[in-house]
Number of protein chains: 2
Amino acid sequence: MEANSAARGRTAPGETRASGGKEGRYHHGDLRNALIRAAIELAAEGGPDAVVLRAAARKVGVSATAAYRHFEGQGDLLGAVKEYGQQRLVACMEAVGRASEDVGPRTVTDRMMELGRGYVRFAREEPGLYRTAFCRKALGAVGLTEEGGLADVEGEQPGWETRSFELLTETLDDAVAAGLITPERRPGAELSAWAMVHGVAMLFLDGPLGTLTDEESSYVVDRVLTDILAGLMSS
Amino acid sequence: MEANSAARGRTAPGETRASGGKEGRYHHGDLRNALIRAAIELAAEGGPDAVVLRAAARKVGVSATAAYRHFEGQGDLLGAVKEYGQQRLVACMEAVGRASEDVGPRTVTDRMMELGRGYVRFAREEPGLYRTAFCRKALGAVGLTEEGGLADVEGEQPGWETRSFELLTETLDDAVAAGLITPERRPGAELSAWAMVHGVAMLFLDGPLGTLTDEESSYVVDRVLTDILAGLMSS
DNA sequence: CGCAGGATGTTTACGCCGTCAACATGATGA
DNA sequence: TCATCATGTTGACGGCGTAAACATCCTGCG
């Protein structure tokens, strides 16, 4: 009770409790976002398994159960990080595209390559966030009953129709418009493309490509992307 | 090897602990395998996260710490399940091939398709085991320091040069021999192929393909495999 | 045959986790 | 002003992985 005024003192060095000045405030003021930021750091360092409710609360300097005022539980917190990771992914994919834009005009094929390069680059640069972005177990909006019963409420699937998938879809449509892909081969093409980049990212993160240098990996990525594009555009 | 109950029987009337008999034997007799079997069930039902040391011990009817006489820890137990899952995967890949053999002669292309079909079929039929088979965190032989420091002792990488990868490699070699893939495109081809099947399996397990029927999924798989093979074999 | 010693299993305990219930604090609006 | 309610806190529970100490049984050696 009164003795814990000492505990009120200070815990997390990097996190001020409130945006402003006063330190020992009982109410944080922006706890939800602070917890998300902390969880993002955890995820970036250790992947989804490292997104531990108590650790995030500790980082912010707040009791573990305080998080329950802002999240349904750790699955919900994880979901917030997941969303952030997905945003970062599309940002990376778009950034690669913009970088190329500056150099000169690009073909549709170029743009597809860029999407793939951006995807893999993000997976390599932020493996923890990437893994978290595609982590099952993470409350989306409502769902997930006890015992894995797929609640599957109305509304949205986890995260496959996010912007990153849209980017791919749009570019494939452009490829059809440009005559690079025949309309008959168009349906399902995003599956092949997506499976490829996702698969090669996994080879980098968990597989035999983990030790490659940037240069080597960029060669491998281009090779793999070339293969799948050749397949999609064949005849 | 399923009938190895109580290989140890001396005079005790009771049979195995798990086989419904009277428990009372202090020593189990085949605890290591019993734990692995239990852990396999757990993995099959709930994936790698469900491989819980205490749960496996409970299933076998033994104290939690008994497992430490046979495994270094839960990572080691998980590793055993992982190995089993990998074996099941290659069994499935080979089974699809054998099934086709019976029907008639196959081309190299056929055999590559079969490998992919078998791979995805296993992922669909045994998602928990599949996920466990490709689960990071699982002691291989020695490694894995504290704190994710990749011990990377000498010897073997986790599991990428297992038989399943070999199957793919051999078949790709055959494709080169048959003139379907040019020697210049051969190096790195397994990466494309592996990334593709791994990626499409993920689309089934965690992605938008999870709800497809067998027929639909088989169509999608063939489509995706056709794409990558076309890419690999294009000029 | 008898018994020491190692192999195997049990109990207890520690610290971590997610989560719930009860309580404390303080911002806010009637 | 002061009751209310959102926001944090403490405490507790059960489950987890794991270590240490103890118990039981098998086995090989005399």
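Naming: A, B, ... by sequence-line order, numbering from 1 per chain. Given the structure is predicted, the values throughout are model-derived calculations rather than measurements.
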First of A:Thr65 and B:Arg69 reached from the 5' end of DNA chain C, by closest nucleotide:
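By nearest-heavy-atom nucleotide position, the 5'-most residue is B:Arg69.
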
For the side chain of A:Ala66, counting heavy atoms from C-beta on, which of D:dT9, D:dT18, C:dT11 is nearest?
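In terms of side-chain proximity for A:Ala66, the closest of D:dT9, D:dT18, C:dT11 is D:dT9.
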
How far does CG of A:Leu35 sit from CG of A:Leu53, to the nearest 0.5 angstrom?
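Spacing of CG (A:Leu35) from CG (A:Leu53) equals 7.5 Å.
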
Trace of the side-chain hydrogen bond (donor to acceptor under 3.5 Å, both in side chains) decision for A:Arg88 with A:Tyr84
CA-CA 6 Å; A:Arg88 288 281 307 271; A:Tyr84 171 80; 2.9 Å; yes

Any side-chain to backbone donor/acceptor pair from B:Arg131 onto B:Asp49? Under 3.5 Å, distance only.
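Not confirmed, B:Arg131 side chain does not pair with B:Asp49 backbone.
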
Does A:Glu126 use its side chain to pair, donor to acceptor, with the backbone of A:Ala44 at less than 3.5 Å?
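Answer holds: no.
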
Output the rounded distance in Å from [atom1] ([X]) to [atom2] ([N]).
X: A:Leu35; N: D:dT7; atom1: CG; atom2: P; value: 13 Å
X: B:Arg32; N: C:dA7; atom1: CZ; atom2: P; value: 16 Å
X: B:Leu31; N: D:dC25; atom1: CG; atom2: C1'; value: 15 Å
X: A:Tyr68; N: D:dG11; atom1: OH; atom2: C1'; value: 15 Å
X: A:Phe71; N: C:dT19; atom1: CZ; atom2: P; value: 13 Å
X: B:Asp30; N: D:dC25; atom1: CG; atom2: P; value: 19 Å

Would a 4.5 Å heavy-atom cut-off, applied to side chains only, mark [X] and [Y] as touching?
X: A:Lys59; Y: A:Leu42; result: yes
X: B:Met196; Y: A:Ser192; result: yes
X: A:His198; Y: A:Tyr119; result: yes
X: A:Val221; Y: A:Val197; result: no

Run through A:Met93, A:Glu94, A:Gln86 and flag the one making a side-chain contact (heavy atoms from CB on, under 4.5 Å) with A:Arg163.
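With A:Arg163 as partner, side-chain contact (heavy atoms from CB on, under 4.5 Å) holds for just one option, A:Glu94.
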
Please list, pair by pair, any protein nitrogen or oxygen found under 3.5 Å from a nitrogen or oxygen in nucleotides 14-16 of chain D.
residue, atom, partner, partner atom, Å
D:dC16, OP1, B:Arg58, NH2, 3.4
D:dC16, OP2, B:Arg58, NH2, 2.3

Axis-to-axis angle across the helix from C:dC1-D:dG30 to C:dA30-D:dT1, five pairs an end, to 10 degrees?
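Axis-to-axis angle, ends of the helix: 10°.
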
Under 4.0 Å between a side-chain N or O of B:His70 and OP1 or OP2 of C:dA7?
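So the side chain of B:His70 is outside the cut-off, no N or O lying under 4.0 Å from OP1 or OP2 of C:dA7.
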
